[in-house]
Every structure is written in structure tokens, then in C-alpha cells.
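Right, one structure below, let's go through it.
Just so we're clear, the structure is a prediction, and the values are computed from it rather than from any experiment. Heavy-atom basis, side chains included; hydrogens, waters and symmetry copies ignored. All ligand and atom numbering here is 1-based and tracks the order in the structure.
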Amino acid sequence: MKVAVFSTKAYDRKFLSAANSPTQHELVFFEPRLNRDTAILAAGFPAVCVFVHDQVDAPTLELLASRGTRLVVLRCAGFNNVDLQAAADLGITVVRVPAYSPYGVAEHAVGLMLSLNRKIHRAYNRVREGNFSLDGLLGFNLHERTIGIVGTGKIGLILGQIMKGFGCNLLAYDVYRNPQLEALGGKYVELPELFANSDIISLHCPLTPETHHLINAKAIEQIKSGVMLINTSRGALIDTQAVIEGLKSGKIGYLGVDVYEQESELFFEDLSGEIIQDDIFQRLTTFPNVLITGHQAFFTAEALHNIAETTFANIADVEHGGPCANEIRPQVSA
Ligand code: NAD
């Protein structure tokens, strides 16, 4: 099948080309993101392959459909950037990669926790400048601390397993209970209880209308003073302005994020020579107790391999007219 692959970087080309060698689909790699302005590039392609920052909204889908596209292949799990209803109305099938790196994302969340707690990001710079002072680097033991996990699906469960290994107590919140998390000793509670009793809160639920700005001014009032907040899920789970106020007052003691609400303007690009116009993001970077990574939690060799393999398995399923287990339809929540 002829596939227009949007938002491609060198690493995408490498892993997708390797996985495509047995199937020999005709892949055409485009660096730009898919949106209403670039949809024309996909004219005559029955399939487009997209990632997290491509804008697969109704106008884009209409442009794609009018030029022959019948399949949208997501190289990611989250699909909050796709108008599923519009796709269904236009007869476009949408498939995704539901799991490619749950260990990678959970491990990255732990990396943020350890770095923030023991100030490894600050120590790295100090030592390079010959400053071996320990002032300001005081941390705390994770052992016997309470971690609140919001969203206990694939990634949240693995995080629970890792944190159990550190000797943490596990609190959890989800719309469905995961018996594997309970088997670890995790206790499901309502969000206010999780907020009030957790030393570390880590977000692993999808972005939906219900979870948008889950961490807002009201939630910050409820959290334990000095909490560590970790978000490797989706930026808009957090009201960044409210979190900045929480950091300024000291209510939030540490913030580690791999995602940011307006990240599509910034992440995955080298902007080191540019003037960044996003004042909220720039304010976040000024706090010593904030650690930001640019949506790299998934970024392991295993993940890129799994993404590529699942992408072509999905295309094969659809091409052969069979059901595709990874198809997403409008009624499924992201
Ligand atoms: P998953 O579907 O296995 O688990 C998500 C869990 O969230 C489910 O248990 C679900 O019941 C729960 N949930 C749904 N609505 C909820 C709500 N309103 N409140 C609380 N819990 C709710 O997904 P996963 O593979 O664990 O991934 C979790 C999220 O991580 C994804 O949605 C995606 O946004 C994000 N992610 C980020 C990266 C990255 O590189 N930073 C990579 C992969 C996934």
C-alpha cells in the first residue's frame, strides 16, 4: 500500500524502513506535520501514517478523503488529536499502536522522580563547574513514601510495580480497578483522598474531557504540601498556570513533566537558536525544582521497533479486509 508518513525524523525512517522490508509498502516520508495545509501532500495515498502532533481534525480528514485516503495509521497510543466521528462519517478507518513502551514510559517517570528528589540535574551542572557543595541537594528516601497513581492501566501498573520495589505505599485512582495493582497492595481511593495523602502524584490516565486540567487550582488546594507532581501522560491534564502558582507558593515541591499543554509549538524540534514566545513554558523552566523533558518518555529502541512492527501489522489487517484489533471507533475513550 502507498503510505504517506508525516512528521518523520531520521529515527522514524530507520525503524519504519527496517520493519517494512518484508512487506514492501511504498512509504513516502514527509517531515511536515499533517494538518489542513499539508494534507495535499497525501493526495492519491490510500493511507497516512501520523504521530502525536499531527492535526487529524475534521477539515483535514475531509481533504484526505476527497483525495482518496481511507486509512489513518497512528504511530502512537493516544488519539486525542483525531476527530474519530469525522473519520467514521467519511468512511476512514483509524488504527493505533495501543502499547509500545509501557516500561519505557514508567521508567522515565521514575527517572524524573529520582532526578528531582536527589537533584541530579543540578548536581550534574555543579560538578562540571567544580562546585562540590551539597547545599540545596538534600533529598528524601522513597522507602515508605506514598505514591498516588492516577490511571492504573498498562503504564500506571508498571509504575506501581517499580515503586513497590522501592518500598513505597501505593494509592490509586481510576475509573476501573486493576486487580493486578490491588494484588501489589495498591489501595483505590477517590481523588481528594489520593491528593491529600500522596507524597508523589504520577499521572497515567488519558486526556479526555473528564481529565482535562485534572490538576487545577482546586486540586492543588487538596494536595499535601510539598508534593512531587509527575506528568508523563498528556500536557493538558495539568493547568500549567495553576501549577506555577502552586510552585511559587511552595505547595508543589517538585514538578517533573514530559508533556506540556502547548507542546506542539515546541517539542521534537531544535529551537535553540530561536526566541521562545511561550511565556508560561519559559516561566516553568526558571524553577530549580522543575524538570522538563520534551515528550521522550516513549523514546526507546524497543518502542520504535514495536511501533513500526504494529504499524505494518495494522496496515496488513486493514488491507486484507479483516478485523483489526487496534482499530479505534468514536465511542471508545482515548
Ligand atoms: P491504558 O489505556 O493502558 O491506561 C489508561 C488508564 O487510565 C486506564 O486504566 C483507564 O481506565 C484510566 N482512565 C481513563 N479515564 C480515566 C479518568 N477519567 N480518571 C482516571 N483514570 C482514567 O494507557 P497507558 O498505555 O497506560 O497510557 C496512559 C497514557 O500515557 C496514554 O493515554 C498517553 O496519553 C500517555 N503516553 C505517554 C507517552 C509519552 O511518551 N510521554 C507514551 C505513551 C503513552
Side-chain angles (χ1 to χ4, degrees), residues 7 9 11-12 51-54 74-82 84 96-113 148-163 170-182 184 186 188-195 198 201-216 219 229-238 256-261 263-264 266-268 291-307 310-311 325-326 328 331-334:
S7 298
K9 303 284 184 196
Y11 46 82
D12 295 306
F51 197 49
V52 292
H53 293 155
D54 293 289
L74 289 163
R75 311 196 290 279
C76 53
F79 46 87
N80 49 288
N81 55 334
V82 183
L84 291 179
R96 66 169 176 152
V97 182
Y100 46 91
S101 184
Y103 288 96
V105 179
E107 289 167 13
H108 191 80
V110 177
L112 291 174
M113 287 173 204
I149 304 175
V150 181
T152 54
K154 291 177 285 296
I155 297 169
L157 173 65
I158 293 166
L159 182 75
Q161 292 166 339
I162 297 171
M163 299 317 290
L170 306 180
L171 289 181
Y173 174 77
D174 197 305
V175 286
Y176 300 106
R177 289 180 175 218
N178 184 337
Q180 287 177 278
L181 198 277
E182 289 182 305
L184 283 175
Y188 280 91
V189 292
E190 291 303 313
L191 270 181
E193 193 178 337
L194 182 146
F195 289 151
S198 299
I201 298 170
S202 197
L203 306 179
H204 300 285
C205 56
L207 176 62
T208 64
E210 294 74 44
T211 60
H212 183 262
H213 287 187
L214 182 92
I215 303 295
N216 54 19
L229 178 62
I230 302 290
N231 185 11
T232 57
S233 191
R234 284 290 181 269
L237 295 179
I238 284 182
V257 293
D258 184 53
V259 286
Y260 169 63
E261 187 163 7
E263 69 176 50
S264 64
L266 303 169
F267 288 3
F268 303 144
L291 186 51
I292 307 172
T293 53
H295 209 135
Q296 69 171 86
F298 76 98
F299 197 57
T300 63
E302 291 84 352
L304 293 190
H305 175 77
N306 291 340
I307 287 171
T310 308
T311 293
N326 296 327
I328 35 176
Q331 70 274 20
V332 183
S333 63

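Among R234, H212, H108, E210, the residue whose heavy atom lies closest to atom 34 (O) of ligand 1 is R234. Nearest to atom 18 (N) of ligand 1 by heavy atom, out of T211, L159, T300, is T211.
Checking side-chain atoms of T293 against main-chain N and O of Q296 turns up no donor-acceptor pair under 3.5 Å. The backbone N or O of R177 sits nowhere less than 3.5 Å from a side-chain atom of D174 that would complete a donor-acceptor pair. The main-chain N or O of Y100 is never found under 3.5 Å from a side-chain atom of K154 such that the two would form a donor-acceptor pair. Between the D258 side chain and the T232 main chain, no donor and acceptor come within less than 3.5 Å of each other. Proximity of a side-chain donor or acceptor of R96 to a complementary backbone N or O of C76 within less than 3.5 Å is not detected.
Counting heavy atoms closer than 4.0 Å to ligand 1, residue I155 contributes atoms from both its backbone and its side chain. Residue contacts with ligand 1 for D174 involve both N, CA, C or O and side-chain atoms from C-beta outward (heavy atoms, distance under 4.0 Å). Residue T152 touches ligand 1 through its backbone alone, judged by heavy-atom distances below 4.0 Å. Looking at A77 against ligand 1, nothing comes within 4.0 Å, counting heavy atoms.
When each atom of ligand 1 is checked for a heavy atom of D258 under 4.0 Å away, the hits are 39 (C), 40 (O), 41 (N). Close approach to Y173 involves these atoms of ligand 1, each under 4.0 Å from a residue heavy atom: 19 (N), 20 (C). Close approach of ligand 1 to C205 is summarised as follows: ligand atoms under 4.0 Å from at least one heavy atom of the residue are 7 (O), 20 (C), 21 (N), 22 (C). Of all atoms in ligand 1, listed by their number and element, those nearer than 4.0 Å to a heavy atom of Y176 are 11 (O). For ligand 1 and H295, the ligand atoms under 4.0 Å from any heavy atom of the residue are 39 (C), 40 (O), 41 (N). Close contacts between ligand 1 and V105 involve ligand atoms 38 (C), 42 (C), 43 (C) [criterion: under 4.0 Å to a heavy atom].
Residues H108 and L112 form a side-chain contact, since some pair of their non-hydrogen atoms from C-beta on lies under 4.5 Å apart. Looking only at side-chain heavy atoms (C-beta outward), H53 and E263 come within less than 4.5 Å of each other. At a threshold of 4.5 Å between non-hydrogen side-chain atoms, the residues I201 and L203 count as touching.
Judged by the shortest distance from any of its heavy atoms, G151 lies inside the 4.0 Å radius around the atoms of ligand 1. Under the 4.0 angstrom criterion for non-hydrogen atoms, P102 is not in contact with ligand 1. Using a 4.0 Å cutoff on heavy atoms, Y100 counts as a contact of ligand 1. T232 counts as a contact of ligand 1, since one of its heavy atoms falls under 4.0 Å from the ligand. Assignment of V175 to the shell around ligand 1 is supported, since a heavy atom sits closer than 4.0 Å.
On a distance-only criterion, K154 and ligand 1 share at least one N/O pair closer than 3.5 Å. Note: no N/O pair closer than 3.5 Å links Q296 and ligand 1 by distance alone. At least one N/O-N/O distance between F298 and ligand 1 falls below 3.5 Å.
For F51 and F298, the distance between ring centers is under 6.0 angstrom.
Using a 3.5 Å distance cut-off with no hydrogens or angles, the side chains of S202 and H204 do pair a donor with an acceptor.
The shortest heavy-atom contact between G156 and I149 is O-CD1, 3.7 Å.
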Working for side chain to side chain donor-acceptor pair (under 3.5 Å), residues Y188 and T152: CA-CA 10 Å; Y188 280 91; T152 54; 2.6 Å; yes

